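Read the structure below first, then the notes.
Being a predicted model, the structure only gives us computed values, none of them experimental. If you read the sequence from its start, that first residue is 1, and numbering goes on from there.
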Amino acid sequence: MIIVMRWQGKSLVTPVSPYGILDLEFARTGERMQQLRLFWNAKDVFFNVYMDFLFIASYTWFFISACQFIKKISNWKLWSNRFISIAIATACFDVAENFMMLLVYNGRFNPFVLQIVYVVAIIKFVLAAALILYILTALPFAMLQKNKRIRV
């Protein structure tokens, strides 16, 4: 899904927006959003945001599956349950962010809402980073615990 999103969103990468749709997520001001609108095709923006809903489902499934796998093969049950909750929270923040971006880009909300989009995006990325860190840290330990159980 990441590859599909990057390929579809390549039209959103311009000299004014080197990070594509991420530039809208972190726009913060109406002036910045208007600057981005000058260089972007609205259909490409909307399609990219709609595709992001599929990406949200994909990464949420991945994070939950990884946490459940760690929970199944290790003693990290409490932490895995907490990080499953964090995966769901990350998805909720991302869905809220996408809806707000669509509404602001359509002119249905005051561009001031971009400040909220900015904060929600930061929270989403911090939670996603915590999930990735947990999976990368816990998985090797879980595999070691699994191997010790097999030998015994």
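For Phe39, the side chain to side chain contact (heavy atoms under 4.5 Å, CB included) criterion is met by Thr14, Val16, not counting sequence neighbours. Contacts of Arg32 classified as salt bridge (Lys or Arg N to Asp or Glu O under 4.0 Å), with partners at least two apart in sequence or in another chain: Asp23. Remark: Asp52 engages no residue in a salt bridge (Lys or Arg N to Asp or Glu O under 4.0 Å) (not counting sequence neighbours). Remark: Phe46 engages Ala42, Tyr50, Leu102, Tyr105, Asn106 in a side chain to side chain contact (heavy atoms under 4.5 Å, CB included) (not counting sequence neighbours). Thr60 is linked by a side chain to side chain contact (heavy atoms under 4.5 Å, CB included) to Ile56, Ile64, Ala91, counting only residues two or more places apart in sequence or in another chain. Legend: residues meeting side chain to side chain donor-acceptor pair (under 3.5 Å) with Asn41, ordered by chain and number and at least two apart, are absent. Legend: residues meeting ring-ring contact (aromatic ring centres under 6.0 Å, His included) with Tyr19, ordered by chain and number and at least two apart, are absent. Remark: Trp79 engages Arg82, Phe83, Tyr134 in a side chain to side chain contact (heavy atoms under 4.5 Å, CB included) (not counting sequence neighbours).
Applying the salt bridge (charged side-chain N to carboxylate O under 4.0 Å, His left out) test to pairs two or more places apart or on separate chains, those with a residue in residues 117-129 are Glu25-Lys124, Asp94-Lys124, Glu97-Lys124. Applying the side chain to side chain donor-acceptor pair (under 3.5 Å) rule to pairs touching residues 108-118 yields nothing, sequence neighbours excluded. Residue pairs that meet the salt bridge (charged side-chain N to carboxylate O under 4.0 Å, His left out) test with at least one member in residues 2-21, sequence neighbours left out, do not exist here.
Here Leu133 sits alone; no ILVMFWY side chain lies under 4.5 Å from its own, so it joins no hydrophobic cluster.
Outside the 6.0 Å centre-distance limit, the rings of Phe55 and Phe62 are not counted as a close aromatic pair.
Results of the side chain to side chain contact (heavy atoms under 4.5 Å, CB included) test with Phe63 over Ile132, Ile88, Leu127 single out Ile132 as the only residue that passes.
Under a 3.5 Å cut-off, the side chain of Trp76 and the backbone N or O of Lys71 do not form any donor-acceptor pair.
What you find for Ala27 and Leu114 is that their closest heavy atoms are CB-CD1, 4.4 Å.
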